[in-house]
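These notes are about the structure you will find just below.
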Amino acid sequence: QVQFVESGGGLVQPGGSLTLSCVVSVRNFNLLYLGWYRQASGKQRELLGVITGGGSATYADSAKGRFTISRDNDKNLLYLQMNNLKPEDTADYYCNLREPVTNWGQGTHVIVSS
């Protein structure tokens, strides 16, 4: 079964940057469409963007222009670079498939505050 381990979260000031990583333990990593998701307290889970196996990414409006998704197919790694962070970006961040499997990782917490 595919497994996800997110890391890189923490406390950052508004306007700052942060890069999250996700280790995806699966045999066919190179073939998978992957996504980054987040869930803020009291809100529904939100899909931030999707990246194809070849590295082409698309983004939700909330992420477009500030966030960049990339991947390293040699290392089974997925990245989310976040720039110009805002307090409303505070959330738990998760990686999963474009059509998510039910076994979510623990996520990594991002707090944007001064």
Side-chain angles (χ1 to χ4, degrees):
Q1 187 179 36
V2 59
Q3 298 179 16
F4 307 94
V5 180
E6 301 91 347
S7 63
L11 175 64
V12 62
Q13 293 184 345
S17 298
L18 201 62
T19 298
L20 308 182
S21 299
C22 174
V23 179
V24 186
S25 298
V26 66
R27 292 181 180 180
N28 59 334
F29 179 86
N30 295 359
L31 302 178
L32 298 175
Y33 283 47
L34 300 168
W36 279 100
Y37 304 77
R38 70 182 180 189
Q39 186 167 25
S41 180
K43 295 186 177 181
Q44 293 183 333
R45 186 175 58 239
E46 175 188 16
L47 174 64
L48 297 172
V50 172
I51 187 168
T52 69
S56 179
T58 57
Y59 303 92
D61 288 342
S62 60
K64 195 176 302 179
R66 297 191 300 128
F67 295 0
T68 302
I69 299 173
S70 60
R71 66 194 293 163
D72 186 338
N73 286 344
D74 292 330
K75 299 180 179 180
N76 280 34
L77 289 174
L78 180 71
Y79 301 101
L80 176 65
Q81 181 177 340
M82 302 183 291
N83 299 321
N84 191 25
L85 285 162
K86 303 174 181 180
E88 53 262 41
D89 295 319
T90 296
D92 289 317
Y93 285 73
Y94 303 87
C95 53
N96 211 310
L97 308 184
R98 178 183 59 178
E99 298 181 2
V101 295
T102 57
N103 57 312
W104 295 82
Q106 291 187 342
T108 186
H109 194 53
V110 173
I111 302 174
V112 184
S113 176
S114 60

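Along the sequence shown, residues carry numbers from 1.
Listed by first and then second residue, the disulfide (SG to SG under 2.5 Å) pairs involving residues 6-86 are Cys22-Cys95 (not counting sequence neighbours). Screening residues 62-85 for ring-ring contact (aromatic ring centres under 6.0 Å, His included) gives no qualifying pairs among residues at least two apart or on separate chains. Listed by first and then second residue, the salt bridge (charged side-chain N to carboxylate O under 4.0 Å, His left out) pairs involving residues 51-65 are Asp61-Lys64 (not counting sequence neighbours). Sorted by first then second residue, the side chain to side chain donor-acceptor pair (under 3.5 Å) pairs that include residues 48-59, not counting sequence neighbours, number zero. Residue pairs meeting the disulfide (SG to SG under 2.5 Å) criterion with at least one member in residues 27-84: none, sequence neighbours excluded.
For Asp74, the salt bridge (charged side-chain N to carboxylate O under 4.0 Å, His left out) test picks out no residue, with sequence neighbours left out. With sequence neighbours excluded, the residues that form a side chain to side chain donor-acceptor pair (under 3.5 Å) with Asp89 are Arg38, Arg66. With sequence neighbours excluded, no residue satisfies salt bridge (charged side-chain N to carboxylate O under 4.0 Å, His left out) with Lys86. Taking the side chain to side chain donor-acceptor pair (under 3.5 Å) definition, one finds that Asn30 meets it with nothing, sequence neighbours left out. Every residue meeting the side chain to side chain donor-acceptor pair (under 3.5 Å) condition with Ser17, not counting sequence neighbours, appears here in chain and number order: Asn83. In this view, Ser62 and Glu46 satisfy the side chain to side chain donor-acceptor pair (under 3.5 Å) rule, not counting sequence neighbours.
Follow the hydrophobic side-chain contacts under 4.5 Å out from Leu11 and you never reach Leu85; the two are in separate clusters. Linking ILVMFWY residues whenever their side-chain heavy atoms come closer than 4.5 Å, directly or via other members, leaves Leu34 and Leu31 in distinct clusters. In terms of hydrophobic clustering, with Ile, Leu, Val, Met, Phe, Trp and Tyr side chains grouped at heavy-atom distances under 4.5 Å, Leu48 and Met82 are assigned to a common cluster. If you chain together hydrophobic residues whose side chains sit under 4.5 Å apart, Leu32 and Val5 never meet in one group. Clustering ILVMFWY residues whenever any of their side-chain heavy atoms sit less than 4.5 angstrom apart, transitively, puts Leu18 in the very cluster that holds Ile69.
Within the model, atoms CZ of Arg71 and OG of Ser21 stand 14.0 Å from one another, a figure rounded to the nearest 0.5 Å. The distance from the CD atom of Glu6 to the OH atom of Tyr37 is 11.5 Å, given to the nearest 0.5 Å. Atom-to-atom distance recorded for Leu80:CG and Thr68:OG1 is 8.0 Å, nearest 0.5 angstrom. Rounded to the nearest 0.5 angstrom, Thr102 OG1 and Asn96 CG are separated by 8.5 Å.
Between the side chain of Asn73 and the backbone N or O of Phe29, no donor-acceptor pair lies under 3.5 Å. Under a 3.5 Å cut-off, the side chain of Asn76 and the backbone N or O of Val24 do form a donor-acceptor pair.
Leu78 has its side chain out of reach of Phe4: every pair of non-hydrogen atoms, C-beta onward, lies at least 4.5 Å apart.
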Expected list for residues 104-114: side-chain donor-acceptor pairs under 3.5 angstrom, two or more places apart:
residue	atom	partner	partner atom	Å
Thr108	OG1	Gly9	N	2.9
His109	ND1	Ala91	O	3.4
His109	ND1	Asp92	OD1	2.7

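Across all non-hydrogen atoms, the minimal contact from Gly35 to Leu47 is CA-CD1, 4.4 Å.
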